[in-house]
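Here's the structure, in structure tokens; my notes come after.
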Amino acid sequence: MTTVSLTDVAGYLPGKPVPAEFYTEYADAEDRLRDSPMFRIPPLRHHVSADETNVDMIERAVQPLVERHGREEVRAVDVLLTHSQLPDIPFVGAGTEVARRLGLKPQWLIDVASAGCASFIQMIELARTILTTTDAKTALICNAQSAAGQLFTQSDVRRLAQAAIPGDGAGVGYLTTSADAPVLDVVTRHIGDHGGDMTAVLDDGRKYWEPGESQLRIGFTESGIARVMERGNRLVPEVVTDLCRRIEVRTAEIDLLVTNQPNRTFLQNWRDSLGLPKDRHPDTFDSCGNLFGAAIPITLDRSIRSGAVRGGDLVVLGGFAHAGDFAGAAAIRWGGGHSTL
């Protein structure tokens, strides 16, 4: 079987860090959900500028790959997968514009709409499937998160507990048919029973595209938060444990666990459940907030650049999406990459 590697990753964060006071000192900043573990505020996060798009961020995130591998090699990718939260315009995903900006002519171009905060794992699985069943040799997978500086800074939404948690950024991965940093296995679960549990709310009852004055927000309730906390605490350790069983290692043998970064409670519970010390589970929540789908590639990129992961290490990526409708984990034998930069 063809070996597929996650050969490289890179990330981008927009603008200067935005402090928690941007939210906590805002007029009428009060919400009955603020004491929930889901909404413990990180000190910092980044926001897209008013004219910065998902494609802009992806283009900037890809530049380190261009510098390390050469523009022509990146332009020659056969597969381009993109995932955006928040999509910039209706109907059209970011993929075709990313291809135009970067000068790509991929055989496969797919805008992935599902798997949310764990979409980087889903795109690894999808890219791996394409690279092992067709004549495609390379893939570029891209996550962009731009909701923090747009959706959550609206005047009415900004005062809510949910607004201070997200941050913006983009992360990308470069996959090749090689043994550079082999993807050992991927486990994913689509959980239809939890589909539709994450909702967007407009207080006047209109559909989001209809004219009106109410502002779009996530429909969090106390009972809904309790369900998400229970599912999230359980799902990530389950898929990671299942993955480790398949590759015949104990979870304690994971050298680096890189997850999405929803809140401090999930991060602590996940590593405790898997028997991992804090230094083997990198945390970007306090400096970046919840980066949604971009969290895994950005956190992995930071870990590589800091020297926290070395050639030969077993790196496991894990996460869950939305209110628990997707969970996934991927195991990579890291090949060294740009760890000395």
Side-chain angles (χ1 to χ4, degrees), residues 1-7 9 81 83 112 114-133 139 141 143 171 173 175 179-192 194 230-262 266-283 293 295-297 299-301 303-304 308-322 324-335 337:
M1 182 177 177
T2 302
T3 300
V4 173
S5 287
L6 179 61
T7 297
V9 293
L81 308 177
H83 182 276
V112 178
S114 60
C117 296
S119 53
F120 193 74
I121 296 167
Q122 185 189 44
M123 289 193 290
I124 288 175
E125 181 181 48
L126 180 55
R128 185 178 183 230
T129 299
I130 295 171
L131 294 179
T132 55
T133 58
I141 61 177
N143 274 101
L175 290 97
D180 292 342
V183 178
L184 305 177
D185 208 345
V186 183
V187 171
T188 56
R189 296 182 186 176
H190 295 272
I191 308 165
H194 304 161
E230 184 278 326
R231 293 168 186 169
N233 281 327
R234 172 174 48 82
L235 285 171
V236 173
E238 283 181 355
V239 291
V240 170
T241 300
D242 188 17
L243 175 74
C244 288
R245 187 181 302 114
R246 288 173 55 153
I247 63 173
E248 299 182 335
V249 301
R250 295 177 296 111
T251 59
E253 296 177 70
I254 296 170
D255 294 303
L256 198 77
L257 173 68
V258 181
T259 63
N260 62 310
Q261 303 278 308
F266 278 139
L267 295 175
Q268 180 175 337
N269 289 345
W270 291 341
R271 60 178 170 262
D272 289 349
S273 179
L274 294 167
L276 292 172
K278 191 173 183 179
D279 62 356
R280 282 196 266 158
H281 182 205
D283 177 349
I296 289 175
T299 304
L300 178 56
D301 174 57
S303 298
I304 295 165
V309 57
R310 298 172 298 277
D313 280 353
L314 175 62
V315 176
V316 171
L317 314 179
F320 83 106
H322 307 130
D325 57 29
F326 177 83
I332 297 117
R333 184 65 67 183
W334 188 248

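No hydrogens, no waters, no symmetry mates; every other heavy atom, side chains included, goes into these values. Keep in mind that this is a model prediction, so the values were computed, not measured.
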Please enumerate all residues that pass side-chain hydrogen bond (donor to acceptor under 3.5 Å, both in side chains) together with D313, with sequence neighbours excluded.
none
Tested for side chain to side chain contact (heavy atoms under 4.5 Å, CB included) against L314, the lone hit among L256, L257, I332, I247 is I247
Check: residues 236-245 side-chain donor-acceptor pairs under 3.5 Å, at least two apart:
from: E238; atom 1: OE1; to: R189; atom 2: NH1; distance (Å): 2.9
from: T241; atom 1: OG1; to: P237; atom 2: O; distance (Å): 2.7

Interatomic spacing from CH2 in W334 to CG in D180 - rounded to 0.5 Å:
9.5 Å
Any donor-acceptor N/O pair, R333 side chain to A181 backbone, under 3.5 Å
no
Using side-chain heavy atoms (C-beta onward) and a distance below 4.5 Å, is L6 in contact with L300?
yes
Derivation and outcome, side chain to side chain contact (heavy atoms under 4.5 Å, CB included), residues L274 and V316
CA-CA 12 Å; L274 294 167; V316 171; over 6 Å; no
Please list, chain by chain and in numerical order, all residues satisfying ring pair (Phe, Tyr, Trp, His ring centres under 6.0 Å) with F266, sequence neighbours excluded.
W270, F320
Can you name the closest pair of heavy atoms from A321 and C117 and give their distance?
CB-N, 3.9 Å
Minimum-distance pair of heavy atoms, taken over all atoms of L81 and M123
CD1-O, 3.5 Å
Between S114 and Q122, what is the shortest heavy-atom contact and its length?
OG-NE2, 3.2 Å
Heavy atoms of G293 and S119 approach each other most closely as CA-OG, 4.0 Å
On a heavy-atom basis, the closest approach of V183 and R128 is O-NH2, 3.6 Å
Quick check: does any side chain N or O of T299 sit under 3.5 Å from a backbone N or O of I296, one acting as donor and the other as acceptor?
no
Worked verdict on I124 versus L175 for side chain to side chain contact (heavy atoms under 4.5 Å, CB included)
CA-CA 8 Å; I124 288 175; L175 290 97; 4.3 Å; yes
How close do E230 and R234 get, counting heavy atoms only, and between which atoms?
OE2-NE, 2.9 Å
Is it the case that the side chain of R280 and the backbone of A252 share a donor-acceptor pair, with hydrogens and angles ignored and the cut-off at 3.5 Å?
yes
Step by step, would you call F120 with V258 a side chain to side chain contact (heavy atoms under 4.5 Å, CB included)?
CA-CA 11 Å; F120 193 74; V258 181; over 6 Å; no
Report the C-alpha distance between T251 and L276 in whole Å, list the side-chain angles of each, state the deciding distance to 0.1 Å, and finish with yes or no for side chain to side chain contact (heavy atoms under 4.5 Å, CB included).
CA-CA 8 Å; T251 59; L276 292 172; 5.8 Å; no
